[in-house]
Amino acid sequence: DVQLQASGGGLVQAGGSLRLSCAASGFTFDDVAIGWFRRAPGKEREGVSCINNSDNSTSYARSVKGRFTISSDHAENTVYLQMSSLQPEDTAVYYCAAGGVNFGFPPPSYHYWGQGTQVTVSS
């Protein structure tokens, strides 16, 4: 029923850019927060960025602030993550997830997850 489809990953050289997409369906898009997470080899999953679709407020991890930009296309029910100045440490599987904002933003938890898309940055 609820689906989150992450796409747009690939292989890029250091300093390059990619735009990830998260296409959402099966819930009221404007009532939730959509977050991007990543899991790098040998590391725990970490939050990258999130957007509150009710008011378009955003949050970023310190490691990506100034390089990544999250946005929502409400007409398309799609969240984007524009990634610039990519570095090898950005290499990870990137996941998008949805969570409620009634308990605050960023949400304390995310209940719906997509399958992820691989981002590989070469040096």
Side-chain angles (χ1 to χ4, degrees):
D1 192 10
V2 174
Q3 291 191 72
L4 296 165
Q5 293 282 130
S7 62
L11 173 63
V12 298
Q13 294 183 357
S17 299
L18 283 173
R19 188 177 73 162
L20 305 184
S21 300
C22 178
S25 62
F27 58 90
T28 303
F29 185 77
D30 290 348
D31 289 346
V32 304
I34 301 293
W36 285 98
F37 297 80
R38 65 187 181 187
R39 185 183 290 275
K43 298 185 68 176
E44 294 290 315
R45 183 178 63 205
E46 64 176 345
V48 177
S49 182
C50 55
I51 185 165
N52 184 347
N53 282 341
S54 70
D55 64 6
N56 287 332
S57 59
T58 59
S59 181
Y60 297 91
R62 286 182 172 86
S63 59
V64 307
K65 194 170 186 179
R67 299 188 297 122
F68 292 9
T69 301
I70 191 170
S71 61
S72 287
D73 185 331
H74 293 264
E76 298 291 335
N77 286 178
T78 300
V79 171
Y80 299 98
L81 185 68
Q82 178 66 50
M83 307 185 297
S84 300
S85 301
L86 284 163
Q87 300 299 313
E89 54 263 38
D90 296 314
T91 295
V93 177
Y94 284 71
Y95 302 87
C96 61
V101 296
N102 51 312
F103 297 115
F105 178 79
S109 61
Y110 291 81
H111 292 281
Y112 300 101
W113 293 80
Q115 291 301 305
T117 184
Q118 176 72 49
V119 172
T120 303
V121 184
S122 65
S123 59

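Rounded to the nearest 0.5 Å, atoms CG (Leu18) and OG1 (Thr117) are 8.5 Å apart. Once rounded to the nearest 0.5 Å, the distance linking CD1 of Ile34 with CD1 of Ile51 reads 9.5 Å. Interatomic distance, CG of Asn52 versus OG of Ser72, reported as 9.0 Å (0.5 Å rounding). Atom CD of residue Gln87 and atom OG of residue Ser123 lie 9.5 Å apart, to the nearest 0.5 angstrom. Here the OG-CD1 distance, from Ser57 to Ile70, works out to 10.0 Å after rounding to the nearest 0.5 Å. For the atom pair SG (Cys50) and CH2 (Trp36), the distance works out to 13.0 Å, reported to the nearest 0.5 Å.
The shortest heavy-atom contact between Phe29 and Asp73 is CE2-O, 4.1 Å. The shortest heavy-atom contact between Arg67 and Ser85 is NH1-O, 3.0 Å. Pairing each heavy atom of Leu20 with each of Gly8, the nearest pair is CD2-C, 3.5 Å. Annotation for Ser59 and Ser49: closest pair O-OG, 2.9 Å, computed over non-hydrogen atoms.
Proximity of Met83 to Val64: side-chain heavy atoms (C-beta onward) are nowhere separated by under 4.5 Å. Residues Phe27 and Leu4 are in side-chain contact: their nearest non-hydrogen atoms beyond the backbone lie under 4.5 Å apart. Put simply, the side chain of Gln13 does not reach to within 4.5 Å of the side chain of Leu86, judged on heavy atoms. By the 4.5 Å heavy-atom criterion applied to side chains, Ser54 and Phe105 are not counted as neighbours. Inter-residue side-chain proximity for Asp31 and Asn53 is flagged as unmet; no heavy-atom pair is nearer than 4.5 Å. Two residues are said to be in side-chain contact when any heavy atoms from C-beta on lie closer than 4.5 Å; Tyr80 and Thr69 fail this criterion.
More than 12 non-hydrogen atoms from other residues, nucleotides or ligands lie less than 6.0 angstrom from CD of Gln118. Within 6.0 Å of the OH atom in Tyr112, the count of heavy atoms belonging to other residues, nucleotides or ligands does not exceed 12.
Under the 6.0 Å cut-off for aromatic ring centres, Phe37 and Trp113 qualify, their centroids lying closer than that.
Val93 and Val12 sit in two unconnected hydrophobic clusters of ILVMFWY residues. Membership requires side-chain heavy atoms under 4.5 Å apart, directly or through other members. One hydrophobic cluster holds both Val121 and Leu81 under the rule that ILVMFWY side chains link at heavy-atom gaps under 4.5 Å.
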In residues 94-104, what donor-acceptor pairs under 3.5 Å come from side-chain atoms, sequence neighbours left out?
unit_1: Tyr94; atom_1: OH; unit_2: Arg38; atom_2: NH1; d: 2.8
unit_1: Tyr94; atom_1: OH; unit_2: Asp90; atom_2: O; d: 2.7

